[in-house]
Amino acid sequence: DTGVSQDPRHKITKRGQNVTFRCDPISEHNRLYWYRQTLGQGPEFLTYFQNEAQLEKSRLLSDRFSAERPKGSFSTLEIQRTEQGDSAMYLCASSLDRGSYEQYFGPGTRLTVT
Amino acid sequence: AQSVTQPDIHITVSEGASLELRCNYSYGATPYLFWYVQSPGQGLQLLLKYFSGDTLVQGIKGFEAEFKRSQSSFNLRKPSVHWSDAAEYFCAVGALAGGTSYGKLTFGQGTILTVHP
């Protein structure tokens, strides 16, 4: 198993453009999480899925953000009409839905909005 | 709402010295706790976890942490620091209800560790 993977690793976009990030979790993990991390801060929870179902969304997740996990495997996070304040590292994690629920993180996608 | 406080933003130690990173949490439900380490530009690596049972937990890379419910603390320790331990360390708390996780983790602000030779 190669762990959690994210694509792309870096994305530079102009304000107002749409961007989409992909996350591939550890294969047997049925929970998948998205977090956002800005410079000097810890990760902040955005949303999570159990299989295909999106179980919780943070108030940080404005209407411009949407996440999907259509087949309960990989997930995508889309940001529409990007703003400079969206510049951050977007982290994906996965876990089992039992045991100690430890979350394993991917390398992140660093988004820069110019 | 749950919260995590890491009082020390930056700690500097000499190689070979002992280390303790502080973490205090606030949560009304039953917590479970983690320490993660992050190198620059990288994702987070799990060091150790407390879920239940023995309050002194061992992790990777020689780290350990002790859960003290009365103090709402989960401090990370290492007896002898190596230069490769220089990184940023995050404490995180999750919540359980009826033995099932709510899912999300709440992270502290992080502590940057610098190691002098």
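Since the model is a prediction, treat every value here as computed from it, not as a measurement. In what follows, chains carry the letters A, B, and so on, assigned in the order in which the sequence lines appear, proteins first and then strands, with residues in each chain numbered from 1.
Residues A:Leu32 and A:Ile26 do not share a hydrophobic cluster, defined by chaining ILVMFWY side chains whose heavy atoms lie under 4.5 Å apart.
In this structure, B:Arg69 and B:Tyr25 approach most closely via the heavy-atom pair CA-OH, 4.2 Å.
The contact list for residues 66-94 of chain A toward chain B, using heavy atoms and a distance under 4.5 Å, reads A:Met89, A:Leu91 by residue number. Chain B is approached within less than 4.5 Å, heavy atom to heavy atom, by A:Gly106, A:Pro107 from residues 106-114 of chain A, ordered by number.
Using a 4.5 Å cut-off between heavy atoms, A:Glu56 touches chain B through its side chain atoms alone. For chain A, the nearby parts of B:Leu44 are the backbone and the side chain; heavy atoms of each come within less than 4.5 Å. Heavy atoms of A:Gln50 lying under 4.5 Å from chain B are absent altogether. Residue B:Gln38 touches chain A through its side chain alone, counting heavy-atom pairs closer than 4.5 Å.
Between the side chain of A:Asn51 and the main chain of A:Ala53, no donor-acceptor pair closer than 3.5 Å is present. Looking at B:Glu15, its side chain does come within 3.5 Å of a backbone N or O of B:Trp83 through a donor-acceptor pair.
Ranked by heavy-atom pairs under 4.5 Å with chain B, the list A:Gln41, A:Gln6, A:Arg9 is led by A:Gln41.
Residue pairs that meet the disulfide bond (SG atoms under 2.5 Å apart) test with at least one member in residues 47-87 of chain A, sequence neighbours left out, do not exist here.
Within the 4.5 Å cutoff, the side chain of B:Leu113 has no heavy atoms near those of the B:Lys78 side chain. Between A:Tyr35 and B:Phe107, the closest side-chain pair of non-hydrogen atoms falls below 4.5 Å.
Among B:Glu20, B:Lys68, B:Glu66, the single residue meeting the side chain to side chain contact (heavy atoms under 4.5 Å, CB included) criterion with B:Asn75 is B:Glu20.
Ring geometry for B:Phe34 versus B:Tyr36: interplanar angle of 30 to 60°, hence tilted.
Annotation: B:Tyr89 is in aromatic contact with B:Phe63 [ring centroid separation under 6.0 Å].
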| Hey, mind stepping through B:Gln45 and B:Lys61 against side chain to side chain donor-acceptor pair (under 3.5 Å) and telling me if it holds? | CA-CA 11 Å; B:Gln45 182 183 20; B:Lys61 305 185 179 186; 3.2 Å; yes
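Partners of B:Ala86 under the side chain to side chain contact (heavy atoms under 4.5 Å, CB included) rule, at least two apart in sequence or in another chain, are B:Val115.
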